[in-house]
Amino acid sequence: DGGITQSPKYLFRKEGQNVTLSCEQNLNHDAMYWYRQDPGQGLRLIYYSQIVNDFQKGDIAEGYSVSREKKESFPLTVTSAQKNPTAFYLCASKSGTGAYEQYFGPGTRLTVT
Amino acid sequence: AQSVTQLDSHVSVSEGTPVLLRCNYSSSYSPSLFWYVQHPNKGLQLLLKYTSAATLVKGINGFEAEFKKSETSFHLTKPSAHMSDAAEYFCVVPDTGRRALTFGSGTRLQVQP
């Protein structure tokens, strides 16, 4: 079955540690996205990538980093510079055609204490 | 930039009664518009999309939305709520510049037995 997988589902880290969230898709989609979700704020765009080896900052990129070495994979690193990292993180992908709708993974809930 | 405003943060209905979730959009032209649904601790699922082909759009699980240009609205409706409809619903508009999505703040739908 085609889809997007995110792992792990729950992640706990101590303050000051970097942590990497995994996102893999087998939909053969060109574009991939990372969103952050906080209660009552909808989803905010962190980073996005339209093609392999290229990515751009979204609205809240500070304290985050990404890579896009393979079409299928778009990992997100939450660095110690991110002041409020506890949140629900969602990865999405989209085909390279004119359609705008995105397909979402199940999300990773990160808790930093 | 295009944006959407969801007029209610919480909506509570009784099972079997109609559902109305309100969304207004801001755009200088007729945009594409989407409704996504998110069940607790899950990813987002596309409920329906408007792409100017028809103003009344039917989606999954009995939901539909009507695009009204004169009112700049795209309200989501369902004739009869089911307990399984309890979720968070997002009205979404494309960010054409970045080929990403811009989300409303969400409406949490509660369905009372």
Side-chain angles (χ1 to χ4, degrees), chain A residues 3-11 21 23 25 27 29-51 54-61 74 87-111, chain B residues 1-11 21 23-27 29-53 57 59-60 65 74 87-109:
Chain A
I4 302 175
T5 57
Q6 292 186 243
S7 61
K9 188 171 178 63
Y10 299 95
L11 191 54
L21 282 59
C23 177
Q25 56 101 357
L27 299 168
H29 284 171
D30 292 310
M32 297 187 73
Y33 305 82
W34 274 105
Y35 295 91
R36 170 181 171 138
Q37 185 176 23
D38 295 283
Q41 294 192 40
L43 276 69
R44 293 180 289 169
L45 183 64
I46 305 173
Y47 267 98
Y48 61 105
S49 168
Q50 301 293 346
I51 57 172
D54 188 44
F55 50 83
Q56 288 78 39
K57 294 181 179 180
D59 299 317
I60 55 166
F74 192 41
F88 192 50
Y89 291 88
L90 288 155
C91 179
S93 70
K94 186 184 75 67
S95 71
T97 64
Y100 281 99
E101 62 263 33
Q102 296 177 11
Y103 297 84
F104 285 82
T108 292
R109 185 166 297 281
L110 173 64
T111 302
Chain B
Q2 298 179 71
S3 64
V4 288
T5 301
Q6 293 186 242
L7 301 174
D8 308 289
S9 59
H10 290 86
V11 170
L21 305 182
C23 172
N24 287 351
Y25 68 90
S26 171
S27 174
Y29 61 95
S30 296
S32 297
L33 287 160
F34 307 96
W35 277 99
Y36 278 82
V37 60
Q38 182 183 32
H39 288 90
N41 293 311
K42 301 289 187 184
L44 278 71
Q45 180 183 18
L46 181 65
L47 203 54
L48 52 81
K49 63 180 178 181
Y50 166 76
T51 55
S52 77
V57 182
I60 61 173
F74 189 57
E88 185 133 23
Y89 293 80
F90 293 95
C91 184
V92 181
V93 66
D95 175 351
T96 54
R98 298 185 293 189
R99 302 192 70 79
L101 296 175
T102 297
F103 287 78
S105 56
T107 298
R108 183 166 298 279
L109 175 65

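Residue numbering restarts at 1 for every chain, and letters A, B, ... go by the order of the sequence lines.
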Atom of [X], atom of [Y] and distance for their closest heavy-atom approach:
{"X": "Asn41(B)", "Y": "Arg109(A)", "result": "OD1-NH2, 3.0 Å"}
{"X": "Leu101(B)", "Y": "Tyr35(A)", "result": "N-OH, 3.5 Å"}
{"X": "Lys42(B)", "Y": "Phe88(A)", "result": "O-CE2, 3.6 Å"}
{"X": "Leu90(A)", "Y": "Gly43(B)", "result": "CD2-CA, 3.8 Å"}

Exercise. Determine whether Glu101(A) and Tyr36(B) make a side-chain contact, defined as any pair of heavy atoms from C-beta on separated by less than 4.5 Å.
Key: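 The answer is yes; the side chains approach within 4.5 Å.
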
Exercise. Please flag which part of Leu46(B) lies under 4.5 Å from any non-hydrogen atom of chain A: side chain, backbone, both or neither.
Key: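 For Leu46(B), the contact with chain A is made by the side chain alone.
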
Quiz prompt | Portion of Gln45(B) that has a non-hydrogen atom of chain A nearer than 4.5 angstrom | solution =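 Looking at Gln45(B), nothing touches chain A.
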
Practice problem: Take atom OH of Tyr103(A) as the centre, draw a 6.0 Å sphere, and report whether it contains more than 12 heavy atoms from other residues, nucleotides or ligands. | Solution: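 Counting neighbours around OH of Tyr103(A), 12 or fewer heavy atoms of other residues, nucleotides or ligands fall under 6.0 Å, so no.
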
Exercise. Against chain B, label Gln6(A) side chain, backbone, both or neither, depending on which of its atoms sit under 4.5 Å from a heavy atom there.
Key: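 Interface part for Gln6(A): neither.
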
Practice problem: Measure distances from Gln56(A) to the heavy atoms of chain B and classify the residue's part below 4.5 Å as side chain, backbone, both or neither. | Solution: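 No part of Gln56(A) comes within 4.5 Å of chain B.
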
